[in-house]
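What follows is one structure encoded as structure tokens, with my remarks underneath.
Because only heavy atoms are used, hydrogens play no part in the values below, and waters and symmetry mates are left out as well, while side chains stay in. Naming: A, B, ... by sequence-line order, numbering from 1 per chain.
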Amino acid sequence: MSTTDLSEQEIIRRNSLTDLRDMGIEPYPQAGYEVNATSHDIREVFDPEKGNFQNVSMAGRVMSRRIMGKASFAELMDEKGRIQLYFNRDEICPGEDKTLYNEVFKKHLDIGDFIGVKGYAFVTQTGEKSLHIKEFTLLSKSLRVLPVVKEKDGVLYDAFTDPEQRYRQRYVDLVVNPQVKEVFIKRAKIINTMRQMFNEQGYLEVETPILQAIPGGAAARPFTTHHNALNIPLYLRVANELYLKRLIVGGFDGVYEFAKDFRNEGMDRTHNPEFTVMEIYVAYKDYFWMMEFTEQMLERVAMALHGHTKVKVGNNEIDFKAPYRRLTMTDAIKERTGIDITGMNEDQLRKTCKDLHVEVDATFGKGKMIDELFGSKCEHYLIQPTFITDYPIEMSPLCKRHRSNPELTERFELMVNGKELCNAYTELNDPIDQLGRFQDQMKLSEKGDDEAMFIDLDFVRALEYGMPPTSGMGIGIDRLTMFMTGQESIQDVLFFPQMRPEKKAKVDGPEDFVNIGVPEVWAEHLIKAGYTSVAKLKEEKATQIHQNLNGFRKKNKLEIPALQLNEVEKWLNG
RNA sequence: GAUUCAGUAGCUCAGUCGGUAGAGCACAUCCCUUUUAAGGAUGGGGUCCUGGGUUCGAAUCCCAGCUGGAUCACCA
């Protein structure tokens, strides 16, 4: 990077770097720094009566400075928060040489720099617990200017708020917006609470392939990649269900995985192309058992996080206290529309959808129409946690047929705040039925349903060896985190949400064109003719550029010689 | 994908009717013996997202593009 690209403040900081080195101070020292207290300790544990924390060594980032003659205050931020530091010139520099205070501290230390400090805790005249500094060490210099966010009585001043910058430069967001950190600490706590519960039951945490030759387990469009050595296409998994069930076949009675899944579909407030799902499979259980397990799990997560079960999401207060309401899909539709779809055939359903202004097309089978009905008429009304049960067989190819109605499956989804949170089955373990269902999916696919599942014959083979009765459940960790922390956008529960890559529209000057061999008389005209950068010029064919430029010369009656094609070719190859 | 809003200093934002680009914080210089959004004074800092167009003149009006947000559509 040339210095011309830098702002004034960045140049000043780089100059400080040189000055510090000239003084014999290394701005990026190798040695570690002993830390024996955190800002939290001073704020909460330090007690002036007890006289503790009198020999403290701390490290962190300088977040503000107030210099008043020979005395200064600064704020140090470590992982636990901020603590005020007091510097006195004659204590930092006991002898005649006041360079360390006047030059190093006052001139060459900036907001954002990491320093280490040693001193003792005390209370200032205004009553703030602070650290009286006896010596300080520069640990790492910051060359970019952090946004300075100030806060008084809970009101933020000059907050760093632009979503694009916050997501692209999450490191800055985390430094200056402490509440952002909290969301991610809670996210970790959610996962740890679940893991702890599963481990207590003796279930095994496993890892299964992300690169799959057949992307199975969910109806979704996968990302495609290619393996060079095998010379085959591979897909990024859309689900891990089929692998976890293979492990149940193999003899594990309870397996779970916190898995990154990938779906090549739209992005919005609740969808990111890569997202985290927890899937768990337990042998000898059915979906009734799984409902109880799920509600207990969520209640426990809420308690671990908040100490109670009520959570505010947008304008709604959601109570995760078990048990949750159970409602069959048909009853849900009946409740909202007054229409009982029990026993309807495809034509009757199509007419019902039409009457209710639910859009369906010819590729839709029975199951998908029922799903549309539910999706548009019921889903967003289900605010409090509700188990929707007994889905049509057509849309649940991995789920066991309902014990009392062969058109339905033993499946539930947990709806919260109008959104799907969990999905669970009494798993299909009849290999012949499974193969048939896969074949039905093929037919749907041929009919034009581009989400229909592929046939995984190895999975069928595994079932043929025998899988015990099993219930499985999947839960979206990102959405769960959104609910549990009250965030309304998935981007706020992912450290690095997917963004379009940053690109600067590069505009070159005439000298850049001269560098690749363009005559000076032409360089400026090239830019006017629309070739605003060398890269843009090189994207085009020499013949086309040649014609365009000579056309430009003629049109503008330029008093310069016409170009030859071989000249243009030289620029492109140069 | 559609609609819509936005993009101005390191950050947060003003910018009237089209007429020399502004504030606060941050930064620099000087002064200053414990301050709390926090000392005081002075000063520097701009590709007004990019490219075209209209105009004597564009941050401002028009067109196209880029990036992001919101809403909708799609999507488990």
Closest to the side chain of A:Lys70, out of B:U12, B:U33, B:U34, is B:U33

A:Gln169 atom CD is separated from B:G68 atom P, nearest whole Å, by 14 Å

To the nearest angstrom, the CZ-C1' distance between A:Arg13 and B:C27 comes to 9 Å

Note to self: Any donor-acceptor pair, under 3.5 Å, between the side chain of A:Glu128 and the base of B:U35, if you only look at N and O atoms?
What the structure shows: no

Looking only at B:U35, B:G45, B:C13, the nucleotide nearest the A:Glu8 side chain is B:G45

Practice prompt. Give a yes/no on whether any side-chain N or O of A:Gln165 is located under 4.0 angstrom from OP1 or OP2 of B:C11.
Written response: yes

query = Does a distance-only test, which skips hydrogens and angles, find a donor-acceptor pair under 3.5 Å between the side chain of A:Glu151 and the base of B:A37?
reply = no

Is the shortest side-chain N/O distance from A:Arg168 to OP1 or OP2 of B:G68 below 4.0 Å?
yes

With a 4.0 Å cut-off on N to O distance, would you call A:Glu164 and A:Arg168 a salt bridge? yes

inquiry  = If you apply the rule ring pair (Phe, Tyr, Trp, His ring centres under 6.0 Å), what do you find for A:Phe46 with A:Phe122, and how did you get there?
reply    = CA-CA 9 Å; A:Phe46 165 56; A:Phe122 77 115; 8.4 Å; no

Check: Within 45° of the six-membered ring axis of A:Phe105 and under 6.0 Å from that ring's centre, is NZ or CZ of A:Arg65 located there?
Finding: yes

**Study point:** Gap in Å between the two C1' atoms, one belonging to B:G45 and one to B:U67, rounded
**Key:** 25 Å

Self-check item: C1' spacing across the pair B:G57 / B:U20, given as an integer number of angstrom
Solution: 12 Å

- Under 4.0 Å between a side-chain N or O of A:Arg269 and OP1 or OP2 of B:U71? yes

Take atom P in B:A6 and the same atom in B:C61, then report the distance between them in whole Å.
10 Å

Contacts of A:Lys106 and A:Gln491 projected onto RNA chain B by closest heavy atom; the upstream (5') one is A:Lys106

Closest to the 5' end of RNA chain B, once A:Met499 and A:Glu372 are matched to their nearest nucleotides, is A:Met499

Considering only heavy side-chain atoms of A:Tyr157, the closest of B:U36, B:A37, B:A26 is B:A37

Quick check on B:G10: is either OP1 or OP2 less than 4.0 Å from any side-chain nitrogen or oxygen of A:Arg144? no

Between B:A28 and B:U34, how many Å separate the two C1' atoms, rounded to a whole number? 25 Å

Trace of the side-chain contact (heavy atoms from CB on, under 4.5 Å) decision for A:Asn88 with A:Tyr101: CA-CA 8 Å; A:Asn88 181 295; A:Tyr101 183 76; over 6 Å; no

In whole angstroms, the gap separating P of B:A2 from CG of A:Asp268 amounts to 16 Å

In whole angstrom, give me the gap between the P atoms of B:A41 and B:C25. 10 Å

Side-chain N or O of A:Lys150 closer than 4.0 Å to phosphate OP1/OP2 of B:U36:
no

